[in-house]
Amino acid sequence: TDLHTSIDEFQFDNVFMNASGVRCYTKDELDELAESDAGTLVTKSATQAKRLGNPSPRYARLELGSINSMGLPNEGLEYYLDYALSFQKAHPDKPIFLSVASLSMEENLAMAHTIEDSDFNGLVEFNLSCPNVPGKPQTGYDFDRTQEVLTNLFSFFTKPAGVKLPPYFDLAQFDQMAAILNQFPLKFVNSINSLGNGLMIDPETDTALIKPKGGFGGIGGAYAKPIALANVRAFAQRLDPKIRLIGTGGVTNGRDAYDLILAGASLVQVGTLLQEEGPAAFTRLTRELRAVMQTKGYNAISDFKGQLKVLS
Ligand SMILES: C=Cc1c(C(=O)O)[nH]c(=O)[nH]c1=O
């Protein structure tokens, strides 16, 4: 069985990759991902300047996943652009993703110009869904702002790009968001980011588990699987077929990845599981996905991608 997949001209020998923000903050972490069985990698969402992020504890493992309010800590765009430029020289056959998150329109456009004017030849993931910057509403839940950001971006940006979206929970929202996204030359849409602003409690101390925002943080892991499946499926049904889907959320084994691909995903990102198990998780996930495919009689991702059936 072959886990090869593609997004247009970009070929990957394996469907798995990390979710932005997980084990991808430093060159060492990124190199570990590059050396793992993952097909590619994405950098931590960058802002123009380096950010320390929120006070700790800002991440906690939960019974069925995780909660985080990191606050967009990152080394700054230049650091990740440098990494990407040296990476693509060393690995010309392995396209990678550069993630950017903006805190303002100006910053977003400035970073996009920097990338546009660079020799980066991978894919850019514009993160419209960071839920953890105090006082900053996430762009992905403001349709007018999303329209404005993408209109400004694609008035000059020509490199391959896509967006990372928050989860939506209403069919009218899928319709509205898809109508916006279909206006732009996007290579991909990545659903979902963490379930924004969850809250968990320490039973010993009756205290919120994490410090930032009174304990409010994005939820990941198994809790996210049914929402991720629905978001990938809903956009696969509504987006121009030229726009590929990346599925993120709730992958704990090969079957979870298989399900995201059935829903329409061309690539599968792994967050909480990677955080907890380390890059070796990709070896297990690859083995398990191959086993599911063999059981079903499939040899390639394209044999079953998007082939979710419904009861008639
Ligand atoms: C980029 C900020 C994000 C963060 C963060 O840095 O707090 N956490 C998430 O779960 N998703 C994000 O998009």
Side-chain angles (χ1 to χ4, degrees), residues 3-7 10-53 56 58-59 61 66 68 70-101 111 114-115 118-127 130 159-162 164 188 190 193-194 220 246 248 251-252 257 266-289:
L3 301 192
H4 170 270
T5 190
S6 65
I7 293 184
F10 297 97
Q11 308 283 329
F12 307 95
D13 61 10
N14 188 319
V15 289
F16 291 107
M17 64 183 289
N18 67 300
S20 179
V22 180
R23 293 183 182 256
C24 60
Y25 288 78
T26 65
K27 292 185 188 329
D28 287 349
E29 287 188 317
L30 290 161
D31 285 344
E32 263 193 83
L33 293 176
E35 283 141 29
S36 77
D37 282 344
T40 184
L41 62 88
V42 57
T43 57
K44 167 64 184 175
S45 294
T47 44
Q48 195 81 324
K50 176 184 168 84
R51 282 173 57 88
L52 295 178
S56 293
R58 57 193 191 181
Y59 173 91
R61 178 177 185 169
S66 66
N68 93 80
M70 309 304 284
L72 198 42
N74 74 95
E75 295 298 322
L77 177 62
E78 196 177 334
Y79 180 95
Y80 299 107
L81 198 45
D82 285 350
Y83 181 86
L85 292 173
S86 54
F87 186 94
Q88 64 190 31
K89 286 196 187 71
H91 310 271
D93 58 344
K94 192 174 204 175
I96 65 171
F97 292 73
L98 184 65
S99 175
V100 292
M111 288 198 287
T114 302
I115 297 167
S118 78
D119 295 332
F120 178 58
N121 61 24
L123 301 101
V124 180
E125 182 172 277
F126 288 104
N127 183 352
C130 181
K159 288 185 183 298
K164 175 77 172 283
F188 67 91
N190 181 354
N193 207 316
S194 52
I246 297 180
T248 306
V251 174
T252 65
S266 293
L267 280 166
V268 173
Q269 294 191 347
V270 184
T272 302
L273 180 75
L274 172 62
Q275 180 59 44
E276 297 302 326
E277 197 166 309
F282 292 118
T283 307
R284 174 169 71 82
L285 289 169
T286 298
R287 184 176 62 248
E288 291 173 351
L289 176 55

Apply side-chain contact (heavy atoms from CB on, under 4.5 Å) to residues Tyr83 and Asp31 and explain how you reach the verdict. CA-CA 10 Å; Tyr83 181 86; Asp31 285 344; 2.7 Å; yes
Spell out, as yes or no, whether a donor-acceptor pair under 3.5 Å connects the side chain of Lys159 to the backbone of Ser118. yes
Can Glu32 and Arg23 be counted as an ion pair, charged N to O under 4.0 angstrom? no
Output yes when Lys44 and Glu29 qualify as a salt bridge under the 4.0 Å nitrogen-oxygen rule, no when they do not. no
With side chains defined as the heavy atoms from C-beta onward, is the minimum distance between [X] and [Y] less than 4.5 Å?
| X | Y | result |
| --- | --- | --- |
| Asn121 | Phe10 | no |
| Ile96 | Leu30 | no |
| Thr43 | Tyr79 | no |
| Ser66 | Gln275 | no |
| Leu289 | Phe16 | yes |

Derivation and outcome, side-chain hydrogen bond (donor to acceptor under 3.5 Å, both in side chains), residues Thr286 and Asn14: CA-CA 8 Å; Thr286 298; Asn14 188 319; 3.1 Å; yes
Could you check Asn190 against Thr248 for side-chain hydrogen bond (donor to acceptor under 3.5 Å, both in side chains), going step by step and ending with a plain yes or no? CA-CA 7 Å; Asn190 181 354; Thr248 306; 2.7 Å; yes
When you look at Phe120 and Thr114, which way does the side-chain contact (heavy atoms from CB on, under 4.5 Å) test go after all the steps? CA-CA 10 Å; Phe120 178 58; Thr114 302; over 6 Å; no
Please say which of Asn193, Asn127, Asn74 ends up in a side-chain hydrogen bond (donor to acceptor under 3.5 Å, both in side chains) with Ser45. Asn127
For the pair Phe12 and Phe97, name the ring-plane relationship: parallel under 30°, tilted 30 to 60°, perpendicular over 60°. parallel
